[in-house]
Amino acid sequence: MTDPSGSGVTGAQLFARYAYPPNELGYCGPDDPAGLLGRSSPEADAEITRRARQFEGAWAYLELIAESTGIGDPLDPRVVEAYWLGNDLLPSVDGSWLAAQLRARLPSEASGQRGGEIPELDGTVRPHHAYHVFAVYPWVGLLGRNSDVARSVLDQCRIRTAVVTTVDGPRATVQAGRLGWDGTRLDIGPGESLAVRWSHEGRSLLEGIQVGDCVSVHWDWVCDVLSADQAAIVERLGRQQLAATNRLLGAAG
């Protein structure tokens, strides 16, 4: 199924745009990440669908969003957009039910911030990538005063909005806010220049990017060109998730 917004992007292709960067780095998904870079065709989308099921964390969220909203396909573009960026499907998913489902489906990841279990975060649980990064993914619990590793991983793993400032072949620079950690709180600081990529050996899931584009960045990869509405919801959900996580960090001391 293609995106009902009219972009023509299938759900499989949209999934691949965001799943490729951590797969390339070996953090999740199957071997041979280049298999996600096939141009849209029935054969390429079938291969991406096969691979998508091997992303244990992301696939669980997609299935749960689809189940909660009565959408039959976890790779429906509305479902995929809801997980990576956010949209109006998210409020349809009950947070307590979702947290319980994730504890059952992702026992290997259910360490939460402080080595306990997936937290409910005052009822703000959403089937969204920011929740996975800042509540389920264990790196928040590894934040400390003497190392920048955990903060850096969290910053790169979250979906960031950015503005393209230069384009040089498959590489570009963007301005994006940096995740900060002062020893007690996480926050997004002012924009700074980041070196990113949008193409690998001539293969990409985007037609191209231009200076001035507002884009989404995952690790060091430009995933998509965003509309103003898409950028706004990514930023809003990110701020809400950081506020909930900071409350939990404060309560834990």
Side-chain angles (χ1 to χ4, degrees), residues 1-30 32-59 61-62 65-66 73-87 89 127-130 132-133 156-164 167 170-172 174 176 194-210 213-231 233-235 237-238:
M1 179 183 291
T2 56
D3 185 344
S5 68
S7 69
V9 178
T10 66
Q13 292 281 307
L14 187 60
F15 177 84
R17 289 181 178 183
Y18 289 91
Y20 174 77
N23 191 206
E24 181 194 32
L25 294 168
Y27 294 147
C28 56
D32 186 22
L36 292 171
L37 294 178
R39 285 291 182 180
S40 185
S41 68
E43 295 76 19
D45 283 12
E47 176 62 15
I48 292 171
T49 299
R50 184 186 70 79
R51 290 169 176 268
R53 295 175 181 274
Q54 298 178 62
F55 288 80
E56 180 186 36
W59 188 254
Y61 286 93
L62 297 179
I65 295 169
D73 180 8
L75 286 180
D76 183 290
R78 296 167 295 173
V79 173
V80 178
E81 182 188 57
Y83 174 62
W84 291 115
L85 300 178
N87 61 25
L89 295 183
H128 185 257
H129 185 64
H132 188 71
V133 172
Q156 295 178 83
C157 187
R158 69 188 179 96
I159 305 301
R160 293 164 283 175
T161 61
V163 176
V164 178
V167 180
R171 299 184 178 275
V174 300
L194 298 174
V196 295
R197 297 173 295 149
W198 68 274
S199 177
H200 174 69
E201 297 180 349
R203 302 175 70 190
S204 173
L205 291 165
L206 297 178
E207 294 298 327
I209 57 174
Q210 300 179 10
D213 282 345
C214 180
V215 297
S216 53
V217 175
H218 195 196
W219 294 93
D220 68 340
W221 189 266
V222 175
C223 300
D224 206 354
V225 178
L226 301 180
S227 69
D229 288 344
Q230 287 175 318
I233 195 168
V234 170
E235 293 171 4
L237 290 173

Contacts of [X] that satisfy side-chain hydrogen bond (donor to acceptor under 3.5 Å, both in side chains) - sequence neighbours left out:
X	result
Thr49	none
Gln54	none
Trp59	Glu63
Thr161	Glu235

If I take atom [atom1] from residue [X] and atom [atom2] from residue [Y], how far apart are they, to the nearest 0.5 angstrom?
X	Y	atom1	atom2	result
Leu37	Ser199	CG	OG	8.0 Å
Glu81	Asp76	CD	CG	10.5 Å
Thr10	Asp45	OG1	CG	3.5 Å
Ser216	Trp221	OG	CH2	12.0 Å

Under the ring-ring contact (aromatic ring centres under 6.0 Å, His included) test, which residues partner His129, sequence neighbours left out?
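With neighbours one apart ignored, the set is Tyr83, Trp84, His218.
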Output all residues satisfying ring-ring contact (aromatic ring centres under 6.0 Å, His included) with Trp198, sequence neighbours left out; order by chain, then residue number.
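Once residues adjacent in sequence are excluded, Trp198 has no partner under the ring-ring contact (aromatic ring centres under 6.0 Å, His included) criterion.
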Stepwise, does the side chain to side chain contact (heavy atoms under 4.5 Å, CB included) test hold for Ile48 with Gln13?
CA-CA 7 Å; Ile48 292 171; Gln13 292 281 307; 3.4 Å; yes
With sequence neighbours excluded, tell me which residues meet side-chain contact (heavy atoms from CB on, under 4.5 Å) with [X].
X	value
Ala176	Ala162, Leu194
Val164	Val167, Val174, Ile209, Asp213, Val215
Leu89	Ile65, Thr69, Ile71, Arg78, Val79, Ala82, Asn87

For Arg158, all residues meeting salt bridge (charged side-chain N to carboxylate O under 4.0 Å, His left out), sequence neighbours excluded
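Counting only residues at least two positions away or on another chain, Arg158 forms a salt bridge (charged side-chain N to carboxylate O under 4.0 Å, His left out) with Asp155.
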State which residues pass salt bridge (charged side-chain N to carboxylate O under 4.0 Å, His left out) with Arg50; sequence neighbours excluded, sorted by chain then number.
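Counting only residues at least two positions away or on another chain, Arg50 forms a salt bridge (charged side-chain N to carboxylate O under 4.0 Å, His left out) with Glu47.
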Any side-chain heavy atom of Val222 sitting closer than 4.5 Å to one from Leu206?
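Val222 vs Leu206: side chains touch.
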Just so I know, are the side chains of Pro21 and Cys223 near enough to count as touching, which here means a heavy-atom distance under 4.5 Å?
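Side-chain contact under 4.5 Å: yes.
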So which heavy atom on Ala52 is nearest to which on Leu75, and how close?
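Scanning both residues completely, I find the closest heavy atoms to be CB-CD1, 4.2 Å.
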Which atom pair, heavy atoms only, marks the closest approach of Pro30 to Phe55?
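Scanning both residues, the minimum pair turns out to be CD-CE1, 3.7 Å.
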Measure up the Tyr20 and His200 rings against each other and bin them: parallel (under 30°), tilted (30 to 60°), perpendicular (over 60°).
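Tilted: the ring planes of Tyr20 and His200 meet at 30° to 60°.
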Can you label the angle between the His132 ring and the Tyr61 ring as parallel, tilted or perpendicular, going by 30° and 60°?
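Perpendicular, since the angle between the ring planes exceeds 60°.
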Step by step, work out the side chain to side chain contact (heavy atoms under 4.5 Å, CB included) result for Asp224 and Tyr18.
CA-CA 8 Å; Asp224 206 354; Tyr18 289 91; 3.5 Å; yes
Donor-acceptor pair, Arg17 side chain versus Leu205 backbone, under 3.5 Å?
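Answer holds: yes.
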Does any N or O in the side chain of Arg51 come within less than 3.5 Å of the main-chain N or O of Ala46, such that one atom is a donor and the other an acceptor?
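Between the backbone of Ala46 and the side chain of Arg51 there is no qualifying donor-acceptor contact (under 3.5 Å).
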With salt bridge (charged side-chain N to carboxylate O under 4.0 Å, His left out) as the rule and sequence neighbours excluded, what pairs involving residues 194-204 come up?
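Salt bridge (charged side-chain N to carboxylate O under 4.0 Å, His left out) check on residues 194-204 returns Glu24-Arg197, Arg197-Asp220.
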